[in-house]
Amino acid sequence: MKNIYTALPQNFTDPSLLSGLDRSEPILVAFSGGADSSALLHILCRYSKLSGAKIFAAHVNHGIRGDEADRDEKFCKELCDSLGVEIFVLRADVPSIAKERKESIETAARLVRYEFFERVMKENGIRILATAHNANDNLETLIFNISRGSGLSGLCGIPSTRPMGSTTVIRPMLAMQKSEIIKYCQEHSLNFVTDSTNTDTDYTRNLIRAEIIPVMQKINSGALRNAERMCQNLREDSLCLENMAEGFINELDAEYEIELGKISKSPAPIIKRAFIRLYEKLSGGKTLEHTHVSALYELALRAVPHSSVSLPHGFEGRIENGRLCLSEKSEQLTVDSYKIELFNGRNTISQTNSEIFIGISHNAKNVYKNETILYIDFDKIDGKLFARPRAAGDKIKMNGMSKSVKKLMCEKKIPLELRNIIPVLCDDTQIVAIPFLGACDKVATKDKNDKNLLHFGIL
C-alpha cells in the first residue's frame, strides 16, 4: 500500500488504509523514545497537519533500568512537549509484577504496556494504536519463529494491523527499514534515546539483530524486502486456509462436535485450524498451542471410543459416538467407599442413588434414568454377595479371559459420568458381575427366571 501523502516517507503507510477508519481519527503512539518510535511520532505529527488527526503518546517506565529508564521518561515528555503532543505516562514496578504473576519480565512488561494502552484509549475515546515495528523487526521475528519450529502463522511475520478488543493496532512503518528510519531522524535533526540492553547479545533478538541479519544481507542485499514479500505471500495462503476452516466449521451439524469420518477425509491444515477456531469459541478467546492441536488430531485419527486428551483451562477433547467432541472436562462422580451385603429383594446403595433387586421381578417403568438386568446363578456364589465401588486394576473373567473392567467400560461405551456409579458385585473369591457389562464365567447363566434375576437401576 502506497502512502497518498507524498510529503511523508515513501514506505510509510497511511494509517487510515491500515485501520479502515477516517483520516481524522485520533491515534495513540506507543512511545519508548527510541529511534523508531521517535520517528513514528514525528511522522504522525506531520500526518496530523495533513489529515486533522489528533496525535497522542503513551510511555511506560518499566522500573527495570533505574536512572536510564528515568532519563527515557524525561526525554519522551520533553519531545512530546516540543511537538505539542499530549503524553500519558505510567511508572510500573515490572520485576515485582512479574514475580507476583509468575511470568518472565519480558512477558509481564508487554502485558503492563498493553493494559495501559487499552486503558488510555478507552478513557480518551481513541480507537487506533500505532506501534513502530519496522522491516528489521519483521525479519527478526521471522528468524526467531523459525528457530522455534513455528507453523505457517509464525512464518507470516508481523501483521501490519491487528484487532485489540474494540480498537485496532496499526504498524505504518512496517515497510520501512531501520536504515531509512535512522536517515529520517538525521534529516529532521530528531534526537532519540538508546536502550543500553539493546547491545546485549545474551538476549535472543539482540543476537539476531547484531549477528544474523547482517550475514543475511551479505548473502542478499535485498533480504529485508524479500522477507516481507515472502511473509505477504504466506499471509495470503494462511488467510485462504483460515477461510476454508471457517467454511468447514459452518457445515458442522453440532457446534463443538466433528464426525471422525470428516476429519480423516479432510486436509490436516484445514482440520487443525478448525480445532483452533472451535477451541477459541469454546474457551472465550483462549489460544490452543501446537502441542495440543497435534494431540487432538492424533486422538481423532486413533478414534478409540471414550478416549480423551486434556486441553488448557479446564477443557478436553473426547471421542464419543464416532465424533470428536470439545467440551469442559467431564466431572466423574466421586463415590464414598462402601461395601454393602446383598440379599434377595430390594437393596439400596445410597452412596450412588441406585438400587439392586435380586430374585424378584420389578416393573419400574420410567423410574430409573439407567437400568439393566443380569441373570446370575446365585447357587454358584462363594460365601456372601456384596457390592462395592469400582477400583483401579479391577478385572473380571468373561469368555475364558480375564478382562480389565476399565477397558470393558470403554468397549461398551459406558458414559463417563456413570462409570463410578455402577457397582462391582463380588463374592468371597472374585468379581462375579458388573451391571451393563455382564457376569463372570462362573456364575453367568442363560436360565432367565426370577430366581436368577438381578435388576440394577440408577434413580
Side-chain angles (χ1 to χ4, degrees), residues 15-16 18-34 36-45 47-48 51-66 68-133 137 158-174 193 195 280 283-287 313:
S16 68
L18 296 175
S19 67
L21 299 173
D22 192 82
R23 291 190 179 91
S24 61
E25 190 74 26
I27 300 172
L28 179 69
V29 178
F31 186 38
S32 69
D36 300 338
S37 63
S38 294
L40 175 61
L41 184 65
H42 191 271
I43 294 170
L44 285 176
C45 285
Y47 171 85
S48 173
S51 65
K54 189 170 182 180
I55 307 301
F56 300 86
H59 175 80
V60 178
N61 183 333
H62 299 94
I64 297 174
R65 293 178 291 118
E68 186 177 284
D70 294 338
R71 174 210 67 184
D72 294 354
E73 179 185 331
K74 182 173 181 290
F75 169 82
C76 289
K77 289 177 177 177
E78 290 175 350
L79 182 58
C80 284
D81 184 60
S82 69
L83 294 172
V85 171
E86 183 177 357
I87 184 171
F88 303 91
V89 176
L90 173 70
R91 296 178 68 88
D93 184 356
V94 168
S96 296
I97 294 171
K99 186 176 181 180
E100 180 182 336
R101 294 181 178 180
K102 297 181 180 178
E103 297 168 337
S104 68
I105 287 181
E106 184 178 7
T107 298
R110 186 180 187 282
L111 290 174
V112 165
R113 281 198 304 277
Y114 278 89
E115 287 168 1
F116 176 55
F117 297 154
E118 288 187 72
R119 186 167 69 251
V120 169
M121 295 172 78
K122 183 177 181 180
E123 291 173 354
N124 294 274
I126 304 170
R127 295 191 289 171
I128 302 173
L129 173 68
T131 68
H133 293 90
D137 295 324
I158 301 172
S160 58
T161 180
R162 71 172 178 85
M164 184 175 71
S166 59
T167 62
T168 302
V169 178
I170 64 169
R171 298 172 175 114
M173 297 203 308
L174 196 58
V193 294
D195 186 337
E280 286 176 350
S283 65
K286 301 220 170 21
T287 302
H313 308 290

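- At distances below 3.5 Å, not a single donor-acceptor pair connects side-chain atoms of Thr168 with backbone N or O atoms of Ser19.
- Scanning both residues, Asp137 and Ala132, for their nearest heavy atoms gives OD2-O, 3.9 Å.
- Taking CZ of Phe116 as the start and CZ of Phe88 as the end, the distance is 7.5 Å to the nearest 0.5 Å.
- Taking CZ of Arg65 as the reference point, atom CZ of Arg71 lies at 6.5 Å (rounded to 0.5 Å).
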request  = For the pair Leu90 and Val112, evaluate side chain to side chain contact (heavy atoms under 4.5 Å, CB included) and give the outcome as yes or no after the intermediate values.
outcome  = CA-CA 9 Å; Leu90 173 70; Val112 165; 3.8 Å; yes

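- For Glu106, the CD atom sits in a loose shell: 12 or fewer heavy atoms of surrounding residues, nucleotides or ligands are nearer than 6.0 Å.
- In this structure, Glu73 and Val60 have side chains that are not in contact, with every pair of non-hydrogen atoms separated by 4.5 Å or more.
- Side-chain atoms of Thr161 come within 3.5 Å of backbone N or O of Val169 as a donor-acceptor pair.
- Salt bridge status for Glu25 with Lys54: absent, with no side-chain N to carboxylate O gap under 4.0 Å.
- Cation-pi contact between Arg162 and Tyr114: present, with separation from the ring centre below 6.0 Å and deviation from the ring axis of at most 45°.
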ask   = Asn61 and Asp70: side-chain hydrogen bond (donor to acceptor under 3.5 Å, both in side chains), yes or no, with the steps?
value = CA-CA 7 Å; Asn61 183 333; Asp70 294 338; 3.0 Å; yes

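- Scanning both residues, Lys286 and Glu280, for their nearest heavy atoms gives O-CG, 3.3 Å.
- Rounding to the nearest 0.5 angstrom, the gap separating the CG atom in Asp72 from the NE2 atom in His62 is 10.5 Å.
- The minimum heavy-atom distance linking His59 with Cys76 is given by the pair ND1-SG, 3.4 Å.
- Across all their heavy atoms, Val193 and Ser32 have their closest contact at CG2-O, 4.2 Å.
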ask   = Is there a side chain to side chain contact (heavy atoms under 4.5 Å, CB included) between Leu40 and Phe31 once you walk through the steps?
value = CA-CA 9 Å; Leu40 175 61; Phe31 186 38; over 6 Å; no

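- A donor-acceptor distance shorter than 3.5 angstrom exists from the side chain of Ser37 to the backbone of Gly33, with no hydrogens or angles considered.
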Worked verdict on Glu118 versus Lys122 for salt bridge (charged side-chain N to carboxylate O under 4.0 Å, His left out) = CA-CA 6 Å; Glu118 288 187 72; Lys122 183 177 181 180; over 6 Å; no

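- Using a distance-only test at 3.5 Å, with no hydrogens or angles considered, no donor-acceptor pair links the side chain of Thr107 to the main chain of Glu103.
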task = Please test Glu86 against Lys77 for salt bridge (charged side-chain N to carboxylate O under 4.0 Å, His left out), starting from the C-alpha separation and ending with a verdict.
result = CA-CA 9 Å; Glu86 183 177 357; Lys77 289 177 177 177; over 6 Å; no

request  = Check the pair Ile55 / Val29 against side chain to side chain contact (heavy atoms under 4.5 Å, CB included), numbers first and verdict last.
outcome  = CA-CA 7 Å; Ile55 307 301; Val29 178; 3.9 Å; yes

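- Taking both residues in full, the closest heavy atoms of Ala30 and Thr131 are given as CB-CG2, 4.2 Å, listed atom of the first, atom of the second, then distance.
- A 4.5 Å side-chain heavy-atom check between Leu41 and Cys80 finds at least one atom pair inside the cut-off.
- The nearest pair of heavy atoms linking Ile170 to Ile128 is CD1-CG2, 3.6 Å.
- A distance of 13.5 Å separates OG in Ser48 from CD1 in Ile43, rounded to the nearest 0.5 Å.
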inquiry  = Between Asp22 and Ser16, is the side chain to side chain contact (heavy atoms under 4.5 Å, CB included) condition met? List the steps.
reply    = CA-CA 6 Å; Asp22 192 82; Ser16 68; over 6 Å; no

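- For the atom pair Phe56 CZ and Ile27 CD1, the distance stands at 10.5 Å (nearest 0.5 Å).
- Proximity of a side-chain donor or acceptor of Arg171 to a complementary backbone N or O of Ile158 within less than 3.5 Å is not detected.
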